[in-house]
Amino acid sequence: MRMDILTLFPEILRGFFESSIMARAVERGLVSYSLTDIRDYATDKHHKCDDELYGGGPGMLMLPGPLGAALEAAGTEGARVVYVSPGGRLFNQAYARDLAAEKKLIVICGRYEGIDQRVIDKYVTDEISIGDYVLSSGEAAALVIVDAVYRLLPGVITGESLEEESFEDGLLEYPQYTRPALYDNIRVPDVLVSGHHANIVKWRFRKRLEKTLLYRPDLLQGKGLEGELRSMIQELTVQGGD
Ligand code: SAH
């Protein structure tokens, strides 16, 4: 996948692309990317990239000129062009999968009060919010989207570790433990060291249901599953203990 990130602060993003799993994905040719400094496309001598709002109001808006020129240079034809914005559609795992199927992803990071609506109307295919809160700038949101998307690309992460993750089947992940078996006088649950595979599977499923009901009952709603899951938990608890 090709990723082009348009930002006024490329240095905020560089470390991510040059580290760890992303660096390996780039090295192996699974991802190619560019970090474009929108300021490079400002034509006046001060490289001005923002101005006041028409109609008044506090704050500044990113100028359409430099941003539009940066988009033209990136080449928007056939690309998904994302503007990260608290006013966008809410991002989730299904949305990440949808974007991961594309060949080219362009992400615009906003600053100040955001970007001129005409740029959105002309170029943006997806205005995406990463959650119901307001960040000071789009770089962190762009990284959230880039990270959620690229790890789904074939070959970046082995299939097995993706399949059982939170959200992949509408449930959160089960609690996980590693060595030592006794940490600060707290033992790993017996079932996990029992070697009884079927019981481990059952225990993990039960924990996933419990956790989803506790933290994210909304994930179960509308599926007509909530009542059913509650009775399953009760049943499994009676059978399985702990
Ligand atoms: N005036 C805007 C907020 C601007 S915040 C409004 O009220 O909607 C500045 C920039 O941060 C935005 O342009 C956007 O790129 C980014 N940003 C802030 N919160 C975000 C969120 N929840 N999701 C995605 N991007 C966000």
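For the numbers below, each heavy atom of this structure counts, side chains included, while hydrogens, waters and symmetry mates do not. Here, residue 1 is the first one in the sequence, and each next residue gets the next number. In each ligand, atom 1 is the first atom listed, and ligand 1 is the first ligand listed.
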Open item on the list: Quick check on Y83 - does any of its heavy atoms sit under 4.0 Å from an atom of ligand 1?
Closed with: yes
Open item on the list: How close do R151 and V156 get, counting heavy atoms only, and between which atoms?
Closed with: CA-CG1, 3.8 Å
Task: Main-chain N/O of E173 paired to S166 side chain as donor or acceptor, under 3.5 Å - done: yes
Task: For atom 5 (S) of ligand 1, the protein heavy atom that lies nearest, with its residue and separation - done: L135 O, 3.2 Å
Task: Short side-chain to backbone donor-acceptor contact, S85 and G87, under 3.5 Å - done: yes
Open item on the list: Give me the nearest non-hydrogen protein atom to atom 24 (C) of ligand 1 as residue plus atom name, then the distance to 0.1 Å.
Closed with: S85 N, 3.3 Å
Open item on the list: Main chain of L172, side chain of T212: is a donor-acceptor contact present, judged purely on distance under 3.5 Å?
Closed with: yes
Open item on the list: Between K207 and L209 (side chain of the first, backbone of the second, donor and acceptor by atom type, cut-off under 3.5 Å), is there such a pair?
Closed with: no
- [ ] May I ask you to identify, for I128, whether its side chain, its backbone, both or neither come under 4.0 Å of ligand 1 on a heavy-atom basis?
- [x] backbone
- [ ] Around atom 15 (O) of ligand 1, find the nearest protein heavy atom and jot down its residue, atom name and distance.
- [x] V84 O, 2.6 Å
Task: Any protein heavy atom < 4.0 Å from atom 7 (O) of ligand 1 - done: no
- [ ] Could you label the plane-to-plane angle of the Y150 and F16 rings as parallel, tilted or perpendicular, counting under 30° as parallel and over 60° as perpendicular?
- [x] perpendicular
Task: Ligand-side contact atoms (ligand 1) for residue partner G110, heavy atom cut-off under 4.0 Å - done: 10 (C), 13 (O), 15 (O)
- [ ] Would you check the N or O atoms of G131, main chain and side chain alike, for any that come under 3.5 Å of an N or O of ligand 1?
- [x] yes
Open item on the list: C109 versus ligand 1: do any nitrogen or oxygen atoms come within less than 3.5 Å of each other?
Closed with: no
Task: Close N or O approach (A141, ligand 1; < 3.5 Å) - done: no
TODO: I would like to know whether M3 and V31 meet side-chain contact (heavy atoms from CB on, under 4.5 Å); could you show each step before the answer?
DONE: CA-CA 7 Å; M3 293 180 163; V31 174; 4.2 Å; yes
Open item on the list: If we set the cut-off at 4.0 Å for heavy atoms, which region of S137 has an atom near ligand 1: side chain, backbone, both, or neither?
Closed with: backbone
Task: Donor-acceptor side-chain pairing of Y41 and E72 below 3.5 angstrom - done: no
Task: Numbering as shown, the atoms of ligand 1 that approach Y112 to under 4.0 Å (heavy-atom distance) - done: 4 (C), 5 (S), 9 (C)
- [ ] Output the list of atoms in ligand 1 that are nearer than 4.0 Å to some heavy atom of V134, sorted by atom number.
- [x] 5 (S), 19 (N)
TODO: Record the part of S129 in heavy-atom contact with ligand 1 below 4.0 Å; permitted values are side chain, backbone, both and neither.
DONE: both
Task: Close N or O approach (I130, ligand 1; < 3.5 Å) - done: yes
Task: Residue, atom name and distance, where the atom is the protein heavy atom closest to atom 22 (N) of ligand 1 - done: Y133 O, 2.8 Å
- [ ] Consider every N or O of G87 and every N or O of ligand 1, then say whether any pair is closer than 3.5 Å.
- [x] no
- [ ] Give a yes/no verdict on whether any heavy atom in A140 is under 4.0 Å from an atom of ligand 1.
- [x] no
Task: atom 3 (C) of ligand 1 [closest protein heavy-atom partner, distance rounded to 0.1 Å] - done: P86 CG, 3.9 Å
Task: Nearest-contact summary for atom 2 (C) of ligand 1 - protein heavy atom, Å - done: E113 O, 3.6 Å
Task: Any donor-acceptor N/O pair, D37 side chain to R39 backbone, under 3.5 Å - done: yes
Task: Donor-acceptor contact present, side-chain D44 to main-chain H46, <3.5 Å - done: yes
Task: Residue pair E113, M60: steps toward the side-chain contact (heavy atoms from CB on, under 4.5 Å) verdict - done: CA-CA 6 Å; E113 288 303 314; M60 306 290 269; over 6 Å; no
Task: Ring-face cation of R89 near Y95 (centre distance under 6.0 Å, axis angle within 45°) - done: yes
